[in-house]
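Data first, discussion second: the structure below is written as structure tokens.
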Amino acid sequence: MTIETERLRDRVAADMIRARERTTLLTEAVDDGDLIRQHSALMSPLVWDLAHVGSQEELWLVRDVGGREPVRPDIDELYDAFKHTRADRPALPLLSPAEARRYVAQVRDKALDVLEAARLEGRRLTVDGFAFGMIVQHEQQHDETMLATHQLRVGAPVLTAPPPPAVSSPVTGEVLVPGGPFDMGTDTEAWALDNERPAHRIDVPAYYIDRAAVTNAQYAAFIAAGGYDDPRWWSPAGWDHRQAAGLTAPLHWRRDGDGWVATSFGRTAPIVAGEPVVHVCYHEAEAYAAWAGKRLPTEAEWEKAARYDPATGRSRRFPWGDETPDNRHANLGQQHLRPAAAGAFPDGASPLGVHQLIGDVWEWTSTDFAGYPGFAPFPYREYSEVFFGPDYKTLRGGSFGTDRSAIRGTFRNWDYPIRRQIFSGFRLARDASPDAARDA
Ligand SMILES: [Fe+2]
């Protein structure tokens, strides 16, 4: 066994343990009643997420990679996300909180055992620990979903975290991204999922992109200007939704005198002017962009801004380079319970000076979720392919609730354009005039 393989094993085990610590924190912060309750029809009961995390780990690591006997074959169907909608899950005969905790611990013991013995080569599922990476990302994604459930929960606050770093000089304005070829997607990122593959060269014409995400103060100006009452700024589908859902402000905002307060994990406080707006749907983002005289970036424009190194023409793993994120680079991993103002992570900026593409808020792009040229489903069609099409928009970059193991410059998230219980915001782009493009 090589030192490389040993190192990979250690890193995988550390990532699995970190994910489980977070799952434990999120599920022990509330009592059993809150674990079983459905806090919103959009979300599963927390206890479903908990046992579902264990169930996926059992299917992929214990049974498939390890070839071991099933732990609980009788519950496979209950925790199959494709068999039951979130709204239907509370009525299922789910494991109790105590049973679910016992089950995930039992599966984890076996999965770590499998990791000890697994050859992390040969079969595509195990090369570079892919299946373990997939399961780590899956757990962290459910942790972010559970964090969103916490945000929808009503009751006394149970989560705490220090505020994000303060900013002395705010980042504003836009940068010109030169036109030309750019390598989008990846063939080399070991834990990249099927929808991030393969790498492919595309030509992206020159464009401007904002150095920072749209802030609460900017968004409040859109509201004050009557943006929610003027169909000119909204797409037909967006205006229909705005009318039907009665949208008047981001989710969790409430008027307070002349200003706005927002409720965040059970605490209500005035909105912070310079922080990115969060909990807006695609339609709201699109309407704001039209009002501001700009547009949302395409997914390719977002990724080029995040990865393109103009000095070498190479695509990086992250805006700052190839290093895995730490707390100098980005607001990730629930270290803070809200997005940070632009300028809080200068070490995370791109070579062109675009800030905080990674972390803080998921950023809506104008692109429908689809496979890249040469896409091949792996390890199963339900991972991504069944979601391809015009129903979903892609979001990029991760939020303050996304773990570092579940984000990279190529990572793609997708959701319905009406969703806003997720930690979603946006930044703006615009076309570059032919003159600007030539001078670039
Ligand atoms: Fe899942």
Side-chain angles (χ1 to χ4, degrees), residues 148 151 163-164 167 170-174 208-235 238-239 241-243 245-265 267-297 302 331 336-344 354-357 359-366 393 395-397 399-401 415 417-430:
Q151 170 66 322
V167 171
V171 169
T172 57
E174 57 187 7
Y208 288 95
I209 193 162
D210 283 3
R211 299 177 69 215
V214 169
T215 65
N216 287 323
Q218 290 170 322
Y219 200 84
F222 166 65
I223 302 175
Y228 276 88
D229 302 316
D230 194 337
R232 264 185 310 167
W233 311 129
W234 300 72
S235 69
W239 183 249
H241 178 66
R242 177 255 168 269
Q243 299 286 85
L247 304 183
T248 55
L251 186 61
H252 305 299
W253 282 34
R254 195 160 42 75
R255 273 201 195 279
D256 183 53
D258 290 344
W260 291 95
V261 293
T263 302
S264 174
F265 302 101
R267 296 178 186 85
T268 299
I271 58 167
V272 180
E275 289 179 4
V277 67
V278 60
H279 294 301
V280 287
C281 71
Y282 176 82
H283 295 307
E284 291 169 301
E286 195 184 37
Y288 177 96
W291 171 77
K294 294 190 177 185
R295 58 174 174 79
L296 297 176
W302 190 96
N331 180 10
H336 312 290
L337 286 171
R338 55 180 218 249
V354 184
H355 285 244
Q356 286 157 260
L357 287 148
D360 299 300
V361 289
W362 287 102
E363 299 182 16
W364 287 109
T365 80
S366 60
K393 292 291 182 188
L395 300 109
R396 291 303 206 97
S399 77
F400 62 88
D415 215 328
I418 63 169
R419 288 290 186 255
R420 54 186 204 160
Q421 87 282 6
I422 54 176
F423 304 112
S424 50
F426 59 103
R427 78 175 68 218
L428 301 181
R430 65 184 176 96

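Everything numeric here is computed off the predicted structure, so don't read it as measured data. Just the heavy atoms: all of them, side chains too, but no hydrogens, waters or symmetry mates, feed the values below.
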Are any of the side-chain heavy atoms of R254 and I271 separated by less than 4.5 Å?
no

Nearest atoms (heavy-atom pairs only) where Y282 meets S366:
OH-CA, 3.6 Å

Shortest non-hydrogen contact from L428 toward A292
CD1-CB, 3.9 Å

Between H355 (side chain only) and R211 (backbone N and O only), is there a donor and an acceptor less than 3.5 Å apart?
no

Can you find a pair of side-chain heavy atoms, one from H283 and one from S235, that are under 4.5 Å apart?
yes

Measure across A290 and W233 and return the closest heavy-atom pair with its distance rounded to 0.1 Å.
CB-O, 3.6 Å

Do D415 and W364 touch side chain to side chain, with heavy atoms closer than 4.5 Å?
yes

Can you name the nearest heavy-atom pair linking P163 to H336, along with the distance?
O-ND1, 3.3 Å

First locate atom CD of Q421, then atom CG of L251, and finally report the distance between them rounded to the nearest 0.5 Å.
8.0 Å

Between D210 and R430, is there a side-chain N and carboxylate O pair less than 4.0 Å apart?
no

Can you measure from CZ (R255) to OG1 (T248) and round to the nearest 0.5 angstrom?
7.5 Å

Quick one, V272 and R338 - any side-chain contact, counting heavy atoms below 4.5 Å?
yes

Heavy-atom closest pair (L395 atom, S424 atom, distance to 0.1 Å) is CD2-CB, 4.0 Å

In Å, rounded to the nearest 0.5 Å, how long is the span from CD1 of I209 to NZ of K294?
9.5 Å

C281 side, atom SG; E286 side, atom CD - distance, nearest 0.5 Å:
9.5 Å

Measure from the side-chain N and O atoms of Q356 to the backbone N and O of A341, and report whether any donor-acceptor pair falls under 3.5 Å.
yes

On the 0 to 90° scale, with breaks at 30° and 60°, tag the F423-F400 ring pair as parallel, tilted or perpendicular.
tilted

Please round to the nearest 0.5 Å and tell me the distance separating atom CZ of F222 and atom CH2 of W291.
7.5 Å

Quick one, E284 with F426, criterion side-chain contact (heavy atoms from CB on, under 4.5 Å). Give me CA distance, side-chain angles, the key distance, then yes/no.
CA-CA 10 Å; E284 291 169 301; F426 59 103; over 6 Å; no

Does a side-chain heavy-atom distance below 4.5 Å link H241 with L247?
yes

If you measure from OG on S399 to CD on E363, what distance do you get to the nearest 0.5 Å?
11.0 Å

Checking F265 now: which residues fulfil ring-ring contact (aromatic ring centres under 6.0 Å, His included) with it, not counting sequence neighbours?
none

Applying side-chain contact (heavy atoms from CB on, under 4.5 Å), run through W302 and L296 and close with a yes or a no.
CA-CA 9 Å; W302 190 96; L296 297 176; over 6 Å; no

Strictly distance-based, threshold 3.5 Å: is any side-chain N or O of R295 a donor or acceptor partner for the main-chain N or O of A289?
no

Is R267 atom CZ crowded by more than 12 heavy atoms from other residues, nucleotides or ligands, each under 6.0 Å away?
yes

So W260 and W253, would you call those rings parallel, tilted or perpendicular, with 30° and 60° as cut-offs?
tilted

So do the side chains of T263 and T268 get within less than 4.5 Å of each other, counting heavy atoms only?
yes

Closest non-hydrogen contact found for N331 with P164 is ND2-CB, 4.4 Å

For W234 together with Y228, are the ring centres under 6.0 Å from each other?
yes

